[in-house]
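Some notes on the structure that comes next.
Side chains included, hydrogens not; waters and symmetry mates left out as well; all remaining heavy atoms used. Order of the sequence lines fixes the chain letters, A, B, ..., with proteins taken first and strands second; residue numbering starts at 1 for each chain.
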Amino acid sequence: MTGSTPFYITTPIYYVNDKPHIGHAYTSLACDVMARFKRLDGYDVKFLTGTDEHGQKVENSANAKGVDPQSFTDGVSQNFRDLAAFMGYTNDDFIRTTEERHMVSCQALWQKLLENGDIYLGAYEGWYAVRDEAFYTEDETEKKPDGTRVAKASGAEVAWMEEPSYFFRLSAWQDKLLAFYEANPDFILPKSRRNEVLSFVKGGLQDLSVSRTTFKWGVPVPNDDAHIMYVWLDALTNYITACGYPDTNNEQYQKYWPADVHMVGKDILRFHAVYWPAFLMAADLPTPKRVFAHGWWTNEGQKISKSLGNVIDPIDLVNKYGLDQVRYFLLREVPFGNDGDFAHSAMVTRMNSELANDLGNLSQRVLSMVVKNCDGVIPTPGDYTAEDRAMLDQAYGLLGKVRAQIDVQSFSDAIETIWQVVRASNAYVDQQAPWKLKKEDPARMATVLYVLAETIRNIALLLQPLMPTSMDKMLGLLEIAEGDRSFAFCGEAGALKPGTALEQPEGVFPRFIDHEELDKSYTGDEGSFMIKRALRQNPKTKETVFEILRDNGTVEELLSTDLDKAKEKGALTQV
RNA sequence: GGGGCAGUAGCUCAGUUGGUUAGAGCCGACCGCUCAUAACGGUCUGGUCGGGGGUUCAAGUCCCUCCUGCCCUACCA
């Protein structure tokens, strides 16, 4: 990959006080899809994720568990590595803020900011609430009748505190930041978020307290042991640490910095879109090219919170619906940047109607016909008709359109673009009716099936970043060699070779059928069995074919109507 | 209080710089096909584009106003 264009993309480093949830999975997924896409498109990609392990909450959690902070974070950080592996993320590095390389990097950045006069020692004063671990301004507090002063927001008691603190001269960077946003209109996406940041900065910036003395778990401030660095200065620096900072002559730094995309949740946009570029400019370092703030998920229309107990565990989702199905849903259901709702019914509709019916069935019907009617090999096409040409043009035109959409993180649009071709392919199958051509004009049938196989190949190539496992299977069914799956092979360049032998195709996307009988066990004359899953269901009569597991280990099919009859007769009883 | 975003078919949403009969998917009805994972295709039903006012030859698309919902308004992350 030497010589190819570098592309550097990052997730935020995740705060280890939390168990990984759907939000973490979502951010990383978006990065993974971009990273995979760019690799297939010939870029030299660096995809970074990691964990943010400092701060008072971590220190407290560790104390509460009676372990030292380092062993505590070792454990929790591992959860995030495990999630990344489980979700199939292809991060090239995993950074932890407790690593030596990061301490060195943070202290070097601090030193640089100090030298440039952007950090000075002052005093932080304000109304501090121990319970909230937060300072409040005068008007955010109120005096109660009993004379105590409390924070309006939380009701926590506050006390006047003064502590020495280092400050970052953020106020000096207001105009430069505004000029920077002006010169880089796509630095903050989506647009609405950009407006928010702009109005925030225009509203005036105060200097930022960047050190703490109230706890110890953090990066020590150079030459002042009483202070540790403010967590965000610490955390944000990870993006350059991973490129080898402070060694800016380093090969990694030279190649990958500044980052192409920092993917973040909307809650941490400000830190990335205001503080981070200010820190970097103050340190005479180049600023990243884009910060993309995505939205949040709700669960069946409900806000997700620990207290409601409706936190979504990505591992549960994958176990229930399948990895590629979940990856597909998360980026398909909602325009990236908007908030979205995770609903079981929506998930099932997407995986059945789009994955199983539209795409899965398309490849199944086409490849079955090829295997059955073309001696099991990719057929040789004859002259193309206008319809054939139109079909192929759509398939071959996909890369350009999808690339443009992926470049601005419009994942759902990119998927829709591909699906238009999927639907067009199904329409084309019906119009051409190759099953009729089989008798009437076999040569014409061969051409149609070739056009279809070639279309499926292009669709599958482009869907690899989103659904790597399934598309590996689909491309395997087409006998596309591993080395022929990059986007360089999109279009005519990688056209299928007639004569290539194909195996009997297998379904790529199973349907998901809800049924009240699932997981129930019955016993009768012929022994007992458990209803494992629903294989097929007549959408009108709701008659269902179950796959059952007998206690002797054999797997059989059972009709729901037969089950009902047997239950009525008393031949079967539920266990 | 200040700033921003959104309100378009039953549901979820597209609708470029204002310009022919307002689109898609899902859902529903009907027809066709039978290669395929009881899948696919086609047709149809369905919208006073939140309310009101204005600019214009022409507005879902610009301006004003009102209503409704959401978000931001700094140092836990």
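If you find the closest nucleotide of RNA chain B to A:Ser368 and to A:Phe271, the one lying nearer the 5' end belongs to A:Ser368. Each of A:Gln206 and A:Glu416 has a nearest nucleotide on RNA chain B; the 5'-most of these lies closest to A:Glu416.
Residue contacts for A:Gly23: at a heavy-atom cut-off of 4.0 Å it reaches no nucleic acid atom on any strand shown. When heavy atoms are screened at a 4.0 angstrom cut-off, A:Leu205 is found touching base atoms of the nucleic acid. If you check every strand for non-hydrogen atoms under 4.0 Å, A:Ser209 touches a base. Nucleic acid contact for A:Leu198: none, since no nucleic acid atom lies under 4.0 Å from a heavy atom of the residue. A:Tyr14 comes within 4.0 angstrom of nothing in the nucleic acid, heavy atoms only. At the heavy-atom level, A:Gly203 lies nowhere under 4.0 Å from the strands shown. Using a 4.0 Å heavy-atom criterion, one finds that A:Phe200 contacts the bases of the nucleic acid, with or without backbone contacts as well. Across all strands, A:Arg270 comes closer than 4.0 Å only to sugar-phosphate atoms, never to a base (heavy-atom distances). Note on A:Asn352: nothing from the nucleic acid sits closer than 4.0 angstrom, heavy atoms only. The residue A:Asp413 sits apart from the nucleic acid: no heavy atom pair falls under 4.0 Å. Residue contacts for A:Ala356: at a heavy-atom cut-off of 4.0 Å it reaches a base atom on one of the strands shown. Residue A:Val197 is classed as having no contact, given no heavy-atom separation below 4.0 Å to the nucleic acid.
Listed by first then second residue, pairs satisfying salt bridge (charged side-chain N to carboxylate O under 4.0 Å, His left out) with a partner in residues 418-435 of chain A read A:Arg365-A:Asp430, A:Glu416-A:Arg423, not counting sequence neighbours. Listed by first then second residue, pairs satisfying salt bridge (charged side-chain N to carboxylate O under 4.0 Å, His left out) with a partner in residues 265-280 of chain A read A:Lys266-A:Asp339, not counting sequence neighbours. The salt bridge (charged side-chain N to carboxylate O under 4.0 Å, His left out) pairs that include a residue from residues 432-441 of chain A number zero, where partners must be two or more places apart or lie in different chains.
On the C1' atoms, B:rC30 is 42 Å away from B:rG52, given to the nearest whole Å. Taking atom P on both nucleotides, B:rG18 is separated from B:rC57 by 15 Å, rounded to a whole Å. If you take atom P in B:rG51 and the same atom in B:rC67, they sit 15 Å apart, rounded to whole Å. To the nearest whole angstrom, the two C1' atoms, one in B:rC26 and one in B:rC72, are 33 Å apart. For the P atom pair drawn from B:rG42 and B:rA58, the interatomic distance equals 39 Å after rounding to whole Å. Across the C1' atoms, B:rG53 and B:rA59 are found 14 Å apart, a figure rounded to whole Å. For the C1' atoms, the distance from B:rU37 to B:rU12 is 26 Å, rounded to whole Å. As rounded to the nearest Å, B:rU61 and B:rC49 have P atoms that lie 9 Å from one another.
Using a 4.0 Å cut-off, no side-chain N or O of A:Lys202 falls inside it from OP1 or OP2 of B:rG2. Applying the 4.0 Å criterion to OP1 and OP2 of B:rU37, one finds that A:Gln364 has a side-chain N or O inside that range. One finds no side-chain N or O of A:Arg365 lying less than 4.0 angstrom from the OP1 or OP2 phosphate oxygen of B:rA39.
Qualifying side-chain contact (heavy atoms from CB on, under 4.5 Å) partners for A:Lys216, counting only residues two or more places apart in sequence or in other chains: A:Glu59. Here A:Ser211 pairs with A:His227 under the side chain to side chain donor-acceptor pair (under 3.5 Å) rule; sequence neighbours left out. Every residue two or more places apart in sequence or in another chain was checked for a side chain to side chain donor-acceptor pair (under 3.5 Å) with A:Asn373, and none qualifies. Every residue meeting the ring-ring contact (aromatic ring centres under 6.0 Å, His included) condition with A:Phe546, not counting sequence neighbours, appears here in chain and number order: A:His515. Checked against side chain to side chain donor-acceptor pair (under 3.5 Å), A:Glu333 has the following partners two or more places apart in sequence or in another chain: A:Arg350. Under the rule for a side-chain contact (heavy atoms from CB on, under 4.5 Å), the partners of A:Asp514 that lie at least two apart in sequence or sit in another chain are A:His344, A:Val348, A:Phe512.
Contact check on A:Lys303 versus A:Asp341 returns no salt bridge, with no Lys/Arg side-chain nitrogen under 4.0 Å from an Asp/Glu carboxylate oxygen. Salt-bridge check for A:Glu99 with A:Arg96: failed, with every basic side-chain N at 4.0 Å or more from each acidic carboxylate O.
For A:Leu170, the listed nucleotide lying nearest its side chain is B:rA74; candidates were B:rG41, B:rC40, B:rA74. With B:rG25, B:rC76, B:rA36 as the choices, the nucleotide that has an atom nearest any side-chain atom of A:Lys57 turns out to be B:rC76. Distances from the side chain of A:Asp430 to the nucleotides B:rC75, B:rG41, B:rC5 place B:rG41 closest.
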A:Phe336/A:Tyr26 under ring-ring contact (aromatic ring centres under 6.0 Å, His included): CA gap, chis, key distance, verdict: CA-CA 10 Å; A:Phe336 200 61; A:Tyr26 187 47; 5.5 Å; yes
Test ring-ring contact (aromatic ring centres under 6.0 Å, His included) applied to A:Tyr328 and A:Trp419, step by step: CA-CA 12 Å; A:Tyr328 177 80; A:Trp419 244 258; 5.2 Å; yes
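The interatomic distance linking A:Gln420 (CD) with B:rA24 (C1') rounds to 8 Å, in whole Å. To the nearest angstrom, C1' of B:rA39 lies 15 Å from CG of A:Leu367. One can place CG of A:Asn195 at 18 Å from P of B:rG2, the figure rounded to the nearest angstrom. One can place CG of A:Leu359 at 17 Å from P of B:rG25, the figure rounded to the nearest angstrom. Rounded to an integer number of Å, the gap from CZ of A:Arg194 to P of B:rG3 is 19 Å.
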5'-to-3' dot-bracket of RNA chain B (Watson-Crick, G-U; under 3.5 angstrom; crossing pairs as [ ]; | other strand): (((((((..((((.....[...)))).(((((.......))))).....(((((..]....))))))))))))....
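Residues from residues 431-457 of chain A with heavy atoms under 4.0 angstrom of RNA chain B, sorted by number: A:Trp435.
The base of B:rA39 is not paired with the side chain of A:Asn357 by any donor and acceptor separated by under 3.5 Å.
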Protein N or O to nucleotides 67-71 of chain B N or O, pairs below 3.5 Å:
residue: B:rC71; atom: O2'; partner: A:Arg193; partner atom: NH1; Å: 3.4
residue: B:rC71; atom: O2'; partner: A:Glu196; partner atom: OE2; Å: 3.2

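Residue A:Leu178 holds its CG atom at 7.5 Å from CG of A:Leu205, rounded to the nearest 0.5 Å.
No more than 12 heavy atoms of other residues, nucleotides or ligands sit less than 6.0 Å from atom CD of A:Glu506.
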